[in-house]
Amino acid sequence: MIKVGVFGVGHLGKFHLNNWKAMEGVELVGFYDPFDANAEKVEKDYQLKRFANPQDLVSLCDAVDIVAPTPQHFELCELVIKKGKHVFVEKPLASTMEEAKEIVKLARESGIKLQVGHIERFNPALLALKEMSLQPMFIEVHRLAQFNPRGTEVSVILDLMIHDIDIILNMVKSDIRSISANGVAVMTDTPDIANVRIEFHNGCVANLTSSRISMKKMRKMRLFQKDAYIGIDFLEKKAEIIKMQSGDKLPGEFNFDIETPSGKRTIAIANPIVPAENAMFLELQAFIDAIKLNKPTLVNEMHGYQSMEVAHQILQKIQRNQPVA
Ligand SMILES: NC(=O)c1ccc[n+]([C@@H]2O[C@H](COP(=O)([O-])OP(=O)(O)OC[C@H]3O[C@@H](n4cnc5c(N)ncnc54)[C@H](O)[C@@H]3O)[C@@H](O)[C@H]2O)c1
């Protein structure tokens, strides 16, 4: 049995609690949250012990799940790691690069398992493509959300775009050559909407748009690679492949012919079967498996750090593009 404690039971923390409660091989010890009104309700609704201070909870756990606001991630990670306990920390890893660097150092020195909550890596629409070799040369991403004050303690880059940065860095096996970016702070003091172009040394170009001030939600990634287009809808949990027919048939493939300058080509269209999975359960289960089997976590502290590093380069570019007052 792995004993787990949760720090922060606000909006996302309650989803974490539901998943921990449903997981075999895990004992949910309790939670720590300084916000009385909400914490008292959670204690009652979930029949779960509320701890008066984080230290007492950590000492009874094997692992702690940090779902507190991002500015609190560093001090909470530090506390847990220094006690030699495993950490699951929500994305982004921290607020600043200095904090992120220190978390990486502490985790490496102590040898604990650390996983960062880049949940989209476990999105079933992406998992549906795991048999496909993804080698995009052009990536177009739109991640749009309606305005919500939650999460606005950091910019839209660290709040939303970081999901796509993490996926792209994990997908494109090449170093970044250049970044150009522009963004505007509309509702908060930091960029709420941004457009970013990342060029990789292998020639791949990623064009990302993120907004937290849109009228409707969208989370789409479109990949263009040799002979194929792949669409991933993270929100609707759908995937689509359109490719030149090349022998091996995709499940449920539909074919039609077109005339091209080099003759007749057969196009294949398929919608891979998306597993009916809960991404949060999968990511938390993967963290527990890494502890039990003593194997690396799938999204470790370096992945969290590298995504933050790119996010911070983007923020610097946006800053430089601001008009001088
Ligand atoms: N993976 C995702 O897709 C995703 C989605 C939303 C939020 N998040 C991340 O989850 C984290 C929490 O977001 P949220 O939307 O639940 O915020 P929230 O404000 O709804 O909840 C945060 C909770 O943490 C508590 N808290 C504050 N300081 C604390 C401390 N020192 N120790 C313990 N608890 C403390 C607050 O009282 C509150 O109940 C953020 O880092 C956010 O970036 C990730």
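Counting starts at 1 for both ligands and their atoms, following the listed order. Please read these numbers as outputs of a predicted model, since none were measured by experiment. All residue numbers in this chain count up from 1 along the given sequence.
If you number the atoms of ligand 1 from 1 as listed, the ones under 4.0 Å from a heavy atom of H11 come out as 15 (O), 16 (O), 18 (P), 20 (O), 21 (O). Taking every heavy atom of N38 and a limit of under 4.0 angstrom, the matching atoms of ligand 1 come to 39 (O). Applying the 4.0 Å criterion to heavy atoms of A68 picks out, from ligand 1, the atoms 11 (C), 12 (C), 24 (O), 29 (C), 34 (N), 35 (C), 40 (C), 41 (O). Of all the atoms in ligand 1, the ones that sit under 4.0 Å from a non-hydrogen atom of D33 are 23 (C), 24 (O), 25 (C), 34 (N), 36 (C), 37 (O), 38 (C), 39 (O). Applying the 4.0 Å criterion to heavy atoms of T70 picks out, from ligand 1, the atoms 40 (C), 41 (O), 43 (O). Atoms of ligand 1 lying under 4.0 Å from any heavy atom of G117, numbered from 1 in the order shown and given with element: 1 (N). Listed by atom number, the atoms of ligand 1 under 4.0 Å from H73 heavy atoms are 41 (O). Distances below 4.0 Å separate heavy atoms of V67 from the following atoms of ligand 1: 11 (C), 12 (C), 22 (C).
Within 6.0 Å of the NZ atom in K130, the count of heavy atoms belonging to other residues, nucleotides or ligands does not exceed 12. Residue Q319 places its CD atom among 12 or fewer non-hydrogen atoms of other residues, nucleotides or ligands, all under 6.0 Å distant. Heavy-atom contacts from other residues, nucleotides or ligands closer than 6.0 Å to NZ of K21 number more than 12. The number of heavy-atom neighbours closer than 6.0 Å to CG of D36, taken from other residues, nucleotides and ligands shown, is above 12.
Closest heavy-atom approach to atom 6 (C) of ligand 1 among the candidates N148, L12, L79: L12. Taking only non-hydrogen atoms, the option from Q72, K14, E75, R150 nearest to atom 15 (O) of ligand 1 is R150.
Here salt bridge (Lys or Arg N to Asp or Glu O under 4.0 Å) pairs that include residues 106-129, with residues two or more places apart or in two chains, are K105-E109, R108-E301, E120-R143, R121-D166.
Scanning the protein heavy atoms around atom 27 (C) of ligand 1, the nearest turns out to be P69 CD, 3.4 Å. Looking from atom 35 (C) of ligand 1 to the surrounding protein, the closest heavy atom is P34 CD, 3.3 Å. Protein heavy atom in closest approach to atom 32 (N) of ligand 1: Y32 CE2, 3.3 Å. Closest to atom 21 (O) of ligand 1, if we only count protein heavy atoms, is G10 CA, 3.3 Å. In terms of protein heavy-atom proximity, atom 9 (C) of ligand 1 is nearest to K91 O, 3.6 Å. Atom 10 (O) of ligand 1 has its closest protein heavy atom at E90 CG, 3.4 Å.
With a 4.5 Å cut-off on side-chain heavy atoms, D164 and I139 do not count as touching.
Using bins of under 30°, 30° to 60° and over 60° for the plane-to-plane angle, the ring pair F254/F256 lands in the tilted bin. Note: F224 and Y229 have tilted aromatic rings, judged against thresholds of 30 and 60 degrees for the angle between ring planes.
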inquiry  = Working note: H118 + F122, criterion ring pair (Phe, Tyr, Trp, His ring centres under 6.0 Å); need CA distance, chi angles, decisive distance, verdict.
reply    = CA-CA 8 Å; H118 286 292; F122 298 84; over 10 Å; no

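The shortest N or O to N or O distance between L76 and ligand 1 is not under 3.5 Å.
The shell of residues lying under 4.0 angstrom from ligand 1, judged by heavy atoms, includes H163.
In D159, neither the side chain nor the backbone holds a heavy atom less than 4.0 Å from any atom of ligand 1.
Side chain of H163 to main chain of L160: no donor-acceptor pair is present (N/O by atom type, distance under 3.5 Å, no hydrogens or angles). Not a single donor-acceptor pair under 3.5 Å links the side chain of S307 to the backbone N or O of G304.
To the nearest 0.5 Å, atom CD of residue E24 and atom CD1 of residue I288 are 13.0 Å apart.
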